[in-house]
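Since the structure comes first, as structure tokens, the remarks are kept for the end.
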Amino acid sequence: MNFPILSTLIFLPLLGSVFIFLSNKQESNKGAKYVALFTSCANFLLSIFLWYSFDPTIANFQFVEEKNWISGFIKFKLGIDGISILFIVLTTFIIPICIISCINSIKKRMNEFLISILILETFMIGVFCSLDLVIFYLFFEAGLIPMFLIIGIWGGPKRVYSAFKFFLYTLLGSVLMLVAIITIYWSTGTTDIVEIINEIKIPSELQYVLWLAFFSSFAVKMPMWPVHTWLPDAHVEAPTAGSVILAAILLKMAGYGFLRFSIPMFPIASEYFTPLVFVLSIVAIIYTSLVALMQDDMKKLIAYSSVAHMGYVTLGIFTFTKYGVEGGMFQMISHGLISAALFLCVGVLYDRTHSRMISDYGGVVDYIPKFSFIFIIFTLGALGLPGTSGFIGEFLVLVGTFQKNYLAAILAGLGVILCAAYMLWLAKRVIFGKIINSKIETLKDLNFSEMLILVLLGLTVLVFGFYPGPLFETMGVSVDNLINNYQLSLKENIVTNN
Amino acid sequence: MENINIILPEIFLFLGTCTALMVGVFFKNSYNIVIKFTYLILLFSIISIFLSSVETSEFFLMSFVRDPFADFFKSLILISCFFVLLTSQQFIKDQKILKFEYPIIILLSILGMFFMVSSNDLILFYLGLELQSLSLYVLAAIDRNNLRSSEAGIKYFVLSALSSGLLLYGCSLLYGFTGSTNFDLIQNELITKNTGAVFAMVFILVGLAFKVSAVPFHMWTPDVYEGSPTSITNFFAVVPKIAGIAVIIRFMGKPFDNILIEWQSIMIFLSIASMILGAVAAIGQNNIKRLMAYSSIGHIGYALAGISTGTVSGYSSTVIYITIYIVMNLGAFGCIYLMRKDGLYKEQISDLSGLSKKQPLLAVSFLIIFFSLAGIPPLGGFFAKFYVFMSVIESEMYALAIIGLLTTVISAFYYIRVIKIIYFDDAKNNFDENKNFNINLTVFLSCVILLGFLIYPSILNNTVQSLF
């Protein structure tokens with residue numbers, strides 16, 4: 001296949017943003033919205049085509065593109081496998097939804113907002129496609145600039161503080177990864193991921209240090225307890241579309257990073273540090289769930305629940321069992337859909353009443369029933385009700401964890417109950433109950449565009465809840481390959497040590 | 001008869017400067033003629049460098065060396081000086097500093113730098129350095145009716161003369177302990193242990209560190225940057241830095257090559273101290289010129305980190321770093337010139353607030369240049385840092401790499417604070433409509449290079465690798 005489909009996926013949104021930048025700079029420019037929507041939808045269709053032509057029975061990287069970049073040193077190399085294709089489709093699916101949602105919620109400087117989102121899409125797809133460590137780092141870090149602007153320009157009252165916190169936290173985590181990447185280059189002679197994974201064994205003493213350096217970056221991005229504190233701030237202050245991208249895609253980069261780098265490149269260190277990851281994940285699940293119970297801001301509650309849900313992801317990935325890793329993957333996709341939808345729902349309420357406080361609501365169901373119905377579906381999805389995609393991910397993670405460690409599994413199971421507690425309590429206080437605030441009586445139900453995006457997300461959540469097959473088919477072989485290679489290198493290590 | 005080609009650019013520059021001086025003296029209101037003449041001299045000097053390019057060769061009894069390294073730095077000096085003059089014209093007119101001496105003194109200081117870059121002998125090196133320094137003192141005080149400018153000139157003169165003295169003392173010690181002023185001979189002499197020469201090296205290094213404003217010899221920088229007229233600050237931030245770094249590489253690579261162990265730890269200290277101070281001290285600044293002063297201190301720290309490896313890849317990473325640093329600084333000062341309201345130049349960072357609403361294009365330029373200064377990918381500034389840390393880690397200096405990258409995070413704070421003021425704050429000022437083609441061209445070129453660098457980064461890499 002000669003057509004550079006991955007490059008097209010990456011650079012199409014950039015082209016769209018350049019087009020908007022060069023076009024008319026009026027405040028209310030209808031054309032810009034259509035250009036942005038068109039590019040992102042075209043990108044979505046392209047990624048669906050990519051998924052369709054992807055061969056899930058091969059574990060190797062497909063659609064590989066390679067160009068010389070820095071002569072004799074770094075190659076611009078792209079490629080996908082069963083793990084990254086799902087994230088790409090998730091990204092291209094979420095972006096058009098964000099663009100539709102901002103039609104209602106963004107009041108100022110629409111063009112610049114659309115440019116930021118499209119550039120961000122370029123960087124995010126780049127992260128999931130790149131097969132070279134330096135290219136990966138480039139895309140991974142570059143995403144900070146548009147996200148910083150999205151939070152800072154269109155955010156809430158404390159937006160400056162949150163934007164700075166987001167930027168500096170993530171940058172601080174990542175610089176150690178840069179040191180690690182350069183160290184890998186000097187000790188192996190390449191930054192080509194495929195080559196490092198398949199052909200080169202990094203010495204085990206070095207693995208520990210490098211693993212920690214990568215971990216510092218991914219733990220911040222994930223975010224794992226105790227470096228999660230930037231997330232609630234960023235979520236609360238970011239505009240709806242920004243929260244959606246943050247929750248649905250940016251957080252998944254870290255999970256993807258664990259699967260793509262930490263485990264295959266440093267298997268011995270991954271095994272060694274598993275207890276650490278388990279402890280941090282369990283703390284994240286229980287502690288942040290308890291914190292979420294006490295929140296009176298809806299966005300903050302969902303932000304903390306994100307931290308808890310990401311705890312399941314790390315737990316699942318570091319079980320190194322088929323169930324656990326696939327569960328972690330599935331949990332990421334499902335959380336991407338559900339948390340995106342929940343943030344959109346909060347955004348719908350916020351656009352109407354300009355309040356995110358739970359105490360300002362109550363009895364919403366009497367006036368906006370359609371909204372309430374959809375909101376309840378996503379609440380149930382978030383707490384993992386069977387029939388929604390949330391259930392499958394959490395269930396598989398727990399199955400995988402039971403094979404490894406009973407105690408961890410039991411504690412994680414406790415988290416499911418806590419999750420149900422805060423989610424149901426949220427629904428009870430916002431949707432049902434007595435009407436306290438007179439503003440509620442004047443609420444209008446969902447308009448067409450809001451209905452469209454929420455129903456789309458809702459259907460996806462339900463379809464994957466009842467029929468998760470396609471996702472597992474796509475990632476199955478790649479996950480098997482990951483686990484086999486991991487166990488193989490562990491055995492080799494034991495043999496050489498004896 | 002030795003080949004006169006070797007020294008042709010210098011001869012050309014010298015004769016051109018003298019002619020310009022005559023033109024300036026004998027014509028009335030000659031500023032406009034002289035400045036146009038200066039552009040021509042700069043352009044033809046670049047051309048003469050390319051036309052007369054020769055293999056590595058020495059002149060004047062081995063005291064003057066012409067090699068690709070010197071040619072590269074001379075071209076860099078000429079190009080950046082050209083853009084400095086180009087962008088500063090509007091400012092010079094507004095501030096009424098229309099003195100024909102201004103371009104001529106700049107040309108003289110460039111002549112001094114040419115000899116510094118090409119020197120292969122302590123005496124020629126010192127002569128070049130003094131020619132450059134004397135011109136710089138005058139430049140700092142050129143707006144002589146302005147108290148702050150005069151103050152900056154005096155401050156710079158006193159401190160710089162002290163450092164020149166230390167440097168000269170180092171040179172004489174070096175001569176005393178090695179018996180030669182020629183770099184090659186000194187290098188051969190230092191193969192055997194020579195404690196006196198180490199003392200000499202320390203003195204010379206102190207003098208050079210002062211010229212590039214590395215911590216702890218940086219005290220003059222913020223005051224001089226703030227006090228001098230912006231056009232001079234722009235010159236100070238760019239051109240002498242190129243020459244300074246070139247000379248440091250020359251010294252470390254040639255006469256002091258054999259005492260690497262002795263100077264390496266000093267260089268690491270200078271580098272770390274500059275990076276940390278540049279990052280921390282800039283946080284509290286409200287004046288954008290002071291901010292740029294601390295930022296330049298920090299950047300010199302990164303450049304010295306490359307030199308401190310003492311390897312060829314380290315030196316070439318420093319050359320790449322300084323090249324990209326110049327592009328960023330020319331762009332940044334171009335933007336600062338555009339902070340102009342009713343003919344007055346604003347210097348407070350808070351004057352920028354809400355710029356993105358009034359002048360979105362200028363705001364985007366600030367965005368690109370300042371994120372690049374902060375070293376965020378995918379902009380040019382990231383690659384500069386990337387190459388430096390590549391070579392630092394190649395030499396297994398992990399502590400230096402980690403400290404350097406952590407200071408990147410700290411310094412990112414004040415760079416993005418400027419972005420925050422431009423993009424997040426409410427509009428306050430309304431700068432003049434900007435119709436200055438020269439500045440726009442410079443800022444545009446700077447942004448294009450910084451953005452486009454990632455498309456073909458090898459170009460600079462290959463050029464620099466051929467220098468050593």
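Letters A, B, ... are given to chains in the order of the sequence lines, protein chains preceding strands, and every chain is numbered from 1.
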**Prompt:** Can you check ring pair (Phe, Tyr, Trp, His ring centres under 6.0 Å) on Tyr423(B) and Phe148(A), steps first, answer last?
**Reply:** CA-CA 11 Å; Tyr423(B) 272 89; Phe148(A) 173 74; 9.1 Å; no

**Message:** Suppose a student defines contact as a heavy atom less than 4.5 Å from any heavy atom of chain A. Which residues in residues 362-381 of chain B would they list?
**Reply:** Val364(B), Leu367(B), Phe371(B), Ile376(B), Pro377(B), Pro378(B), Leu379(B)

**Prompt:** Heavy-atom distance under 4.5 Å to chain A: side chain of Ile459(B), backbone, both or neither?
**Reply:** neither

**Structural part of Leu144(A) lying under 4.5 Å from a heavy atom of chain B** = neither

**Asked** Looking at residues at least two apart in the chain, or sitting in another chain, which of them share a side-chain hydrogen bond (donor to acceptor under 3.5 Å, both in side chains) with Ser391(B)?
**Response** Ser317(B)

**Request:** Please tell me if the side chains of Pro457(B) and Trp69(A) come closer than 4.5 Å, counting only heavy atoms from C-beta onward.
**Result:** yes

**Fill in**
To the nearest 0.5 Å, atom CG of Leu178(A) lies from atom NZ of Lys385(B) at 11.0 Å

**Message:** For chain A, which candidate among Ile419(B), Leu454(B), Ile402(B) shows the most heavy-atom pairs at distances under 4.5 Å?
**Reply:** Leu454(B)

**Asked** Side chain, backbone, both or neither: which part of Phe76(A) has a non-hydrogen atom closer than 4.5 Å to chain B?
**Response** neither

**Asked** Out of Asn68(A), Val160(A), Ile74(A), Val175(A), which one racks up the most heavy-atom pairs below 4.5 Å with chain B?
**Response** Val175(A)

**Message:** Within the supplied structure, the quantity of interest is the number of heavy atoms (other residues, nucleotides, ligands) at a distance under 6.0 Å from Phe444(B) CZ; does it exceed 12?
**Reply:** no

**Prompt:** Do the non-hydrogen side-chain atoms of Leu168(A) and Ile410(B) ever get within less than 4.5 Å of each other?
**Reply:** no

**Item:** Best-contacting candidate, Thr408(B), Ile416(B), Ile455(B), against chain A by heavy atom pairs under 4.5 angstrom
**Value:** Ile416(B)

**Side-chain heavy atoms of Phe424(B) within contact of Leu149(A), under 4.5 Å** = yes

**Asked** Are any non-hydrogen side-chain atoms of Leu405(B) and Leu176(A) less than 4.5 angstrom apart?
**Response** no

**Fill in**
Among residues 124-142 of chain A, residues within the sub-4.5 Å heavy-atom range of chain B, in order of number, are Val134(A), Tyr137(A), Leu138(A), Glu141(A), Ala142(A)

**Asked** Quick one: CD1 on Ile393(B) to CD1 on Ile184(A), what's the gap to the nearest 0.5 Å?
**Response** 10.5 Å

**Request:** With rounding to the nearest 0.5 Å, note down the distance linking OG in Ser356(B) to CZ in Arg109(A).
**Result:** 3.5 Å

**Item:** Ring center gap for Phe389(B) and Trp186(A) short of 6.0 angstrom
**Value:** no

**Contact leader toward chain B among Leu171(A), Thr183(A), Ile153(A), Leu172(A), where contacts are heavy-atom pairs under 4.5 Å** = Ile153(A)

**Message:** Checking Glu396(B) now: which residues fulfil side-chain contact (heavy atoms from CB on, under 4.5 Å) with it, not counting sequence neighbours?
**Reply:** Tyr398(B)

